[in-house]
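Chain A is the first sequence line, chain B the second, and so forth, proteins listed ahead of strands; every chain is numbered from 1. Predicted model only: the values in this text are computed from it and were never measured.
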Amino acid sequence: MLFGYEWDLSSPLAFAISILPILLTGLVVTIQAASLGFVLALVLGLVWAVLKGLPFPFIAWPARVITEFIRDTPLLVQLFFLYYVLPEYGIVLPAFMTGALALGIQYSAYTAEVYRGGLEAVGADQREAARALNLTAGRTFTHIIVPQAIPRIVPAMGNYLVSIMKDVPILSVVTVLEMLNVAKIVGDRTFDYLIPLSMVGAIYLILTLIASGGVRLLDTWLPKQGIPLK
Amino acid sequence: MSEDIIRFDKVEKRFGDLTVLNKLDFSVKRGEKVSIIGPSGSGKSTVLRILMTLEGIDGGSVTVDGEPLWHENSGDGSLKPASEKHLRKMRGKLGMVFQHFNLFPHMSVLRNITEAPVKVLGLSKAEARQRGEELLELVGLADQAQKFPSQLSGGQKQRVGIARALAMRPSILLFDEPTSALDPELVGEVLNVIGKLADEHDLTMLLVTHEMRFAREISDRVCFFDRGKIREEGTPEELFTDPSEDRTREFLSAVLDQ
Amino acid sequence: MSEDIIRFDKVEKRFGDLTVLNKLDFSVKRGEKVSIIGPSGSGKSTVLRILMTLEGIDGGSVTVDGEPLWHENSGDGSLKPASEKHLRKMRGKLGMVFQHFNLFPHMSVLRNITEAPVKVLGLSKAEARQRGEELLELVGLADQAQKFPSQLSGGQKQRVGIARALAMRPSILLFDEPTSALDPELVGEVLNVIGKLADEHDLTMLLVTHEMRFAREISDRVCFFDRGKIREEGTPEELFTDPSEDRTREFLSAVLDQ
Amino acid sequence: ATLAEIQERGAVRIAVANEIPYGYVDPSGEALGAGPDVAKAIMEKLGVENIEWVTTNFSSLIPGLQADRFDMVAAEMAILPDRCQQVLFSEPNTSYGEGLLVPAGNPKDIHAYEDFAENAELRVAIMAGADQLEMMQKLGVDESRLVTIAANADAISTVSTGRADAYAATSLTASGLAGQSEGVEVAGAFTDPVIDGEEVRSWGGFTFASGNEELRDAVNDALAEFKQTDEWSGIVSGYGFTQADIDGSIARSTDELCDAG
Amino acid sequence: MHWTEYFGPLMEGAWVTVQLTVLSTIFGATLAFAAGIGKISRNGAVRALAITYIEVFRGTSLLVQLFWLYFALPIAGMAMGIDLRLPPLVAGIMALSLNIGAYGAEVVRGAIQSVHKDQHEAARALNFTPRQTLWTVTIPQAVPEMMPSFGNLAVQNLKDTALVSLISLGDLAFRAEQIRNFTQDSTTIYSMLLLTYFGMALVLTAMMRLLEIRVSRWRTARS
Ligand SMILES: Nc1ncnc2c1ncn2[C@@H]1O[C@H](COP(=O)(O)OP(=O)(O)OP(=O)(O)O)[C@@H](O)[C@H]1O
Ligand SMILES: Nc1ncnc2c1ncn2[C@@H]1O[C@H](COP(=O)(O)OP(=O)(O)OP(=O)(O)O)[C@@H](O)[C@H]1O
Ligand SMILES: [Mg+2]
Ligand SMILES: [Mg+2]
């Protein structure tokens, strides 16, 4: 029994059906962790992108080193670091929060690049035209640059959302009861890992196929709205 | 002298080691239509870009409408580098039409034209809209207001570019090769619009172009640029039919041959 | 009749809705040098591409060297669509020189020429190398064997392209505007090589070109294509000096004017 | 591998789960603990010279045996009916009671497993795959208040940071962990849980893949002999097992334990 | 234990990580070529196989794949009467290779398709077979295109090796966990761990960059 659901070991099919609700409970946690991590990555990535683009080397340069460091070290180790080291300095976050934070930090290094690429893809000619029309720097950024950068950014961000979702199982090592951990516990108790783990794989496959389909749709839909992607 | 709306005094401009403008002296009178011709790399675009404050200068001074462009008077009577505020005020006197149109692809044609009047001049949406529609009428695109730039031909885009610049009611309009990115059959419609503006408005116009016949038709004066200096200038008659410099003759014969 | 090395019989070719070849009848005799001229989009390249089996056909039949090109005899005497094996056999009779040279950028000049003889004809490396060096001699590039395409001028590249095609010892050589991607000063060296080939070899040559003077010099016959059909053909004398069709005259006057 | 294969190779693969004092590997690679030390003596008797020690998560022990990743487990895994269906157990090597690891000072004043059933505010950590889960379930502790950790050593951080209010483990595990950190201690005045009318006591033995009765029997014979010696009682008491634990270890047979429940 | 004593076990683990990275990158690259070429094959069955492989391994989480190979596959094998009990090292290398191979396959396919159509036509006119065209004309030109992406994948792969510690393979992360379990000295041990991975990634990036330069020189070799 787990989360109040009993399992039925009478046949593989009955077992699979009986543990589906349990796995879906884990799926909810997976989706929550992915969403929270994604939002963090979006915000923190923007911060990095801005810092890296500042004309002050003593800010831009450390930002570059830090993002490179984040990018080159494993999520698993970053997660351990946050989970076990932060408390030594008095910061105790629940496992779920620590996990989402680790995801957010890891992926912020990637989203920072997406922002930078998206903003740089809006050519100098657009800035010059805005200058010639006497628009202020702030207005140029918010009304001319950002609206053109967003459609370039959105599909790439969508792909990272899918990636984050696939990295959530790593949070199981710090006791987050996401889908893989739930399947593993079911396995630990029934000594049957084949069915729960295969089901997790299948659910992931379905999710990511749908999500990548969505991103692809966006890729074709945006240009049709008169918003050029390149 | 007081009639000069634009004055370049010994203006220098360098890009790294390259000196692009070399102590350039150059002036334009109010209401004058001036064409700038010259070989590639001679600094023609740079002159316009300095006026539009897209590039700074490295020496000398530029005066627009009696006021220094890249400097402003500090309290004690001396000059100090222009503040953003001063630049914004000066930019209000100028409009620019770009070679590659530089329309905003995410805005409709009408919004391309009304955005700056609303946000910069503080016009109401209705006023800006009315002004925009009049201008679209002027450039012959009244029926294209709701389209997006990507749905227009090059010639149409450039006419929108002209309307957009005019919507800010500049006293000086700058054109940087407005037809050279167009297919040959689309050049005419844009030149027509520019010609009409030249005839009917007292706008000061500064036009960089390779369309010699057109330059001859509409200009009060033609300046031949070469290596960051004015090599020769004069009325179209003088310059095209009887250039005094060999360099000018050489350039004209190469260009008119094509 | 039996002398025809190439025969198009009522060949049709469509791209979607567009009919590019419209029941084309066309033939070339063994050893003949034929130039194809005509306006853009008239189907000139398509004829060559069908022969080189880069495009299929939608109707009619093409015969090369007495054998159907896009069909082969099935056991019971009827024709069936050509198999890859049949196409490979037929392709062995033809060579092609492309407008944009299409050299392999990652291979040296010599390897560009020897690769196919070794891999396809099964020549030994030494034989292929010898053949390659002879051909480089022929096109005047004996000293460039070890260079890479990116280190050559356009004219040199095209001469390598010709040597590469010749290395396969085709009986028919196809040229699709071999000089139109070249700077004017490089055209001559390529035309020289083609002219030399035409004079000294009994190769059948089919040449799409806009170089009228050259077509006139080397061709036994010139065909004027218009909208997927041969509008007029004849000896260069007849066609260039006294075309019978208005369309031909019009085209020639437009082209020769330039 | 079968006994014959092991003897021929002269090497056996034995797994531990990094639990002090039952079975663990110190950073130099030396296996220590009540299980490994006894296993070393037994293997010597069986004429097997080399032992390859494998460290793994507790919850990977049974799958690892089943997947033939090692021949034997020396983790003092408790002999439970469910497990007997999956793997073979030797006769008990040790027996041990329960304990609780709590933050220093025991701020929540916890003294028994039953406290978690009664006080809905408390969260208790257990290790993935360990028997305490079953105990908690039988005591009626709600699953939402269980924090499942992957390894024993994570308990210190989990408890001292307040991610859980206590860690439920055997008494020896709890005291071993308490010795490693200032931030935690063993809950004093601990009352052993009573489940199905009986005070909980666990019996730990060596574990083998099902089908490998031959090896199990050989180990059983050697173990029975070794348990008679002072060397054996020296080993287990050296790791903190009490006389009650030692006496308890011969009070039950594996057959009884497997059939119970 | 003094922190300098951590170096010994950490370096042992780092060596395992290096082996894992190198082996799985090599196997992964092989798989990437097979699947990338398979995906554009004319043979429908080959194409379907390649697409299935790519979608399954890109579409699921690496950790799920790893656990599946380690925990579930033996049980599946038992049900079928085959011995599929992979040692952790094999399971680890397999999971990593299969995963990176699926991502690499898209890179290979993209690079192959980026080779200009003119090149295929020239090859056709010279009567190369499709296979000869692939190996002598297309792939040599596609490889330099792939290199930057492969560099990123290799670093990704290095990071992913940390996951094998969860199936008790004694890699760098596993050794660090072992020491931490013993000493509870999280700050030191994890800082050392992060820095070691960072250093390894920098070396790997530098090596891939060198390889990239070599390979692109071979493309447009200037004698
Ligand atoms: N941002 C820049 N950085 C470096 N060099 C520049 C820059 N902008 C212009 N230049 C150089 O300055 C010189 C003058 O440029 P400018 O664009 O004014 O020439 P132009 O007369 O407009 O030529 P064209 O007819 O080709 O447009 C050229 O040599 C150009 O390469
Ligand atoms: N792959 C294709 N798909 C669609 N249309 C094509 C394709 N190839 C050629 N066409 C069309 O077929 C027509 C004939 O093309 P073709 O290349 O034979 O003309 P051409 O006589 O060689 O012209 P040019 O002098 O411009 O090379 C053109 O309208 C062209 O746009
Ligand atoms: Mg210019
Ligand atoms: Mg053509």
Interface moiety of Leu205(A) toward chain E, non-hydrogen atoms closer than 4.5 Å: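 Backbone plus side chain of Leu205(A), per the 4.5 Å heavy-atom cut-off to chain E.
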Contact origin within Leu209(A) toward chain E - heavy atom pairs under 4.5 Å: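 For Leu209(A), the contact with chain E is made by the side chain alone.
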Minimum-distance pair of heavy atoms, taken over all atoms of Ala162(E) and Val77(A):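 Where Ala162(E) meets Val77(A) most closely, the heavy atoms are CB-CG2, 4.5 Å.
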For Pro169(A) against Leu63(E), the heavy-atom pair lying closest together: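 Minimum heavy-atom contact is O-CD2, 3.4 Å.
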Leu193(E) side chain reached by Phe81(A) side chain, heavy atoms, under 4.5 Å: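 No, too far: nothing below the 4.5 Å cut-off.
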From CG (Leu180(A)) to CZ (Phe67(E)), nearest 0.5 Å: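 Spacing of CG (Leu180(A)) from CZ (Phe67(E)) equals 5.5 Å.
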Per-residue contact mode, Leu194(E) against chain A (heavy atom under 4.5 angstrom):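 The answer is both parts of Leu194(E).
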Portion of Val56(E) that has a non-hydrogen atom of chain A nearer than 4.5 angstrom: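 Its backbone and side chain both get close to chain A.
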Partner residues of Leu46(A) under the side chain to side chain contact (heavy atoms under 4.5 Å, CB included) criterion, sequence neighbours left out: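 So Leu46(A) forms a side chain to side chain contact (heavy atoms under 4.5 Å, CB included) with Tyr115(A).
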CE/Met11(E): more than 12 non-hydrogen atoms of other groups inside 6.0 Å: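 Enclosed.
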Are there donor-acceptor atom pairs under 3.5 Å between chain A and chain E, and if so which?
{"from": "Arg71(A)", "atom 1": "O", "to": "Lys159(E)", "atom 2": "NZ", "distance (Å)": "2.8"}
{"from": "Glu88(A)", "atom 1": "OE1", "to": "Thr187(E)", "atom 2": "OG1", "distance (Å)": "2.6"}
{"from": "Gln106(A)", "atom 1": "OE1", "to": "Lys159(E)", "atom 2": "NZ", "distance (Å)": "2.9"}
{"from": "Tyr110(A)", "atom 1": "OH", "to": "Lys159(E)", "atom 2": "NZ", "distance (Å)": "2.9"}
{"from": "Lys166(A)", "atom 1": "O", "to": "Ser61(E)", "atom 2": "OG", "distance (Å)": "2.6"}
{"from": "Lys166(A)", "atom 1": "NZ", "to": "Arg58(E)", "atom 2": "O", "distance (Å)": "2.4"}
{"from": "Lys166(A)", "atom 1": "NZ", "to": "Tyr103(E)", "atom 2": "OH", "distance (Å)": "2.9"}
{"from": "Ser198(A)", "atom 1": "OG", "to": "Trp68(E)", "atom 2": "NE1", "distance (Å)": "2.6"}
{"from": "Thr208(A)", "atom 1": "OG1", "to": "Gly59(E)", "atom 2": "O", "distance (Å)": "2.8"}

